[in-house]
K.L.:
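Just passing along the structure, written as structure tokens.
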Amino acid sequence: MGDPVDWPTRDLLSHRTAATPQRTALIDDETGATWTFAELDQRVDQVAHALETLEIDHGQPRIAVLMDTRPAFVSVFFAAMRTGMTVVPLNVRETASELAAKVERTAPVAVVCEEATESAALEVTAAVESTATAPTVLTVDEPARERTRRLCPAAGSDTAPSVDPVSLERDDPLVIMFTSGTAGEPKAVRLTVGNLVASATASAFRLGVDPSDRWLCCLPMYHMGGLAPVLRSTLYGTTVVIQRSFDRHETARVLDEYEITGVSLVPTMCKRLLDAGWEPTADLRFVLLGGAPASSELLERCRATDVPVYPTYGMTETASQIATATPAETASHEGTVGQPLVFTDVTVVDDDGEPVSAGELGELVVSGPTVTPGYLEAARTNGAVGEYGLHTGDVGYADENGRLWVLNRRSDRIVTGGENVDPGEVLETIRAHPAVEDAAVVGLDDPEWGERVGALLVPEDSRDRIDLESVRSHCETRLAGFKRPKTIGIADALPRTASGTVDREAARDRLRETETDV
Ligand SMILES: O=C(O)CCC(=O)c1ccccc1C(=O)O
């Protein structure tokens, strides 16, 4: 037999549009506007034209997207897919310096933004202007307004010819998504067409699909938890309702008003909805609860209120869900995140990388079609991949039926309100303050946010008190709001373990005692 043939396929949206052009693809709660798949497809074609006007000097162009959760994000995403570009979603909450570092690492040909993020995009590109790869800023307006500016000459014209469909292959890169680790630099995760389609397919087997499903998307689309529903829903031919940001009362209203059948939430959001007195309608089939561990108290409250909760364990590196528990399992097996999705394998290994028996603790290692082919930087990939797959850094165990329990997630990482914070990144920033000699950055339990960032500071000169106001303003220009320490303590020296590493638990205790909330 000869080499296997890679049969090309068109992009996901054009297939979907061919099948069900008149079904509703998107509803925007903010404006009430709706798009059928045919209308979305047409809009995507216009944006694809605009992307094709960009000057591209190499084969695998990337575009960064600096947009919040909104219909235009969806059009840009599918337009990139249609033109064979890789999308690099950027977090709109980050500062210009944080974003410039990511733009420098990924070298996109353009930063695509909306009106609201245009000035931020210009600031970011100005910050990378010194290099040869300064990207263009491309502003795309909401589809309903049928108007794009700057580099979109063909947009708005009904007669624009269709963009030649780029043939996609399973291994083509589709997204580079940043996720925080614990080592000081955000990780750039490459995800292929195959990864994302495999994830959306496997999700359907766990959550089920009803042709009349409406998925509420209120998580940021620049994170996996917000982007995944867009892909799933397009594959299934169902409807995404976009709510631009979460608000307990507004989200409760949207869930009722649009007869939402499924929603992805982080635990903080679910808690806030319940606090606000929200009760699910009969239409609601599932609440996919992920991004951080759900407390047993929250799950108990869900059960008491008949919330059909599916706790999930996932990561950006696996294009979202690894394992997801059903409501029945959540009730019968306390604390489980369920079995891995179909085609995903999870092996629990010991310190030597050898598989352990059911019930024994170890590191979770994951393999299967949803797993990233690697980080942008190969050295990081080599450090994370072993015989059984990608090492998650999470500790847990499996029962005899393969149900998983995750005890601590990526140990040192802080998860605050669904945003992941790398303590190393915060630490580097704080250490750069002239009055700080050293610091420890840890997560502290927080009733509202799950965790909040805490910092224990050691002054450069122990006779001086650190001016906390100057530390705060130092962080303000360098770190996104959710990464800034909310609790700061001062110590003469950092607590250390016998081996000399910072004793994070002791640092946490110190912060609980001496805390100064900022
Ligand atoms: O933890 C991560 O990095 C991925 C989280 C994620 O994708 C998610 C987060 C919240 C709700 C649903 C999902 C999901 O797996 O789809």
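These figures come from a predicted structure and were not determined experimentally. Reckoned from all heavy atoms, side chains included, excluding hydrogens, waters and symmetry mates. Whatever order the structure lists them in is the order used to number ligands and atoms, beginning at 1.
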K.L.:
If we ignore hydrogens and angles and just use 3.5 Å, is the side chain of Asp399 paired with the main-chain N or O of Arg403 as donor and acceptor?
P.N.:
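Side chain of Asp399 to backbone of Arg403, a donor-acceptor pair under 3.5 Å: yes, one is there.
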
K.L.:
Once salt bridge (Lys or Arg N to Asp or Glu O under 4.0 Å) is applied, what residue pairs with a partner in residues 292-312 remain, sequence neighbours excluded?
P.N.:
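Counting only pairs at least two positions apart or across chains, the salt bridge (Lys or Arg N to Asp or Glu O under 4.0 Å) contacts touching residues 292-312 are Asp275-Arg301, Glu300-Arg303.
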
K.L.:
For Tyr313 together with Trp405, are the ring centres under 6.0 Å from each other?
P.N.:
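Trp405 vs Tyr313: aromatic centres not under 6.0 Å.
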
K.L.:
Considering both backbone and side-chain atoms of Arg232, is one of its nitrogen or oxygen atoms within less than 3.5 Å of a nitrogen or oxygen in ligand 1?
P.N.:
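Right, the criterion is met.
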
K.L.:
Show the atoms of ligand 1 that are less than 4.0 angstrom away from any heavy atom in Gln321.
P.N.:
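Close to Gln321: 15 (O).
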
K.L.:
Of Ser320, Gly290, Ala319, which has the heavy atom at the shortest distance from atom 11 (C) of ligand 1?
P.N.:
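Heavy atom nearest to atom 11 (C) of ligand 1 belongs to Gly290.
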
K.L.:
Under 3.5 Å, is there a donor-acceptor pair between the side chain of Glu425 and the main chain of Asp422?
P.N.:
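Not confirmed, Glu425 side chain does not pair with Asp422 backbone.
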
K.L.:
Under 4.0 Å from any heavy atom of Gly225, which atoms of ligand 1 are there?
P.N.:
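The list of qualifying atoms is 6 (C), 7 (O), 8 (C), 9 (C), 13 (C).
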
K.L.:
Consider ligand 1: state whether an atom of it lies below 4.0 angstrom from any non-hydrogen atom of Leu265.
P.N.:
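Leu265 counts as a contact of ligand 1 under the 4.0 Å cut-off.
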
K.L.:
Looking at Thr261 and Arg214, would you say the former's side chain and the latter's main chain have a donor-acceptor pair under 3.5 Å?
P.N.:
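Present.
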
K.L.:
Side chains of Ser332 and Glu329: donor-acceptor distance under 3.5 Å anywhere?
P.N.:
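No donor-acceptor contact under 3.5 Å links the two side chains.
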
K.L.:
With a 4.0 Å cut-off on heavy atoms, does Leu219 reach ligand 1?
P.N.:
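For ligand 1, residue contact (heavy atoms, under 4.0 Å) with Leu219 is present.
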
K.L.:
Using a 4.0 Å cutoff against the non-hydrogen atoms of Leu288, which atoms of ligand 1 qualify?
P.N.:
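Those of ligand 1 that fall under 4.0 Å from Leu288 are 11 (C), 12 (C), 14 (C), 16 (O).
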
K.L.:
Which ligand 1 atoms does Thr316 reach within 4.0 Å, using its non-hydrogen atoms?
P.N.:
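Near Thr316, the atoms of ligand 1 are 3 (O).
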
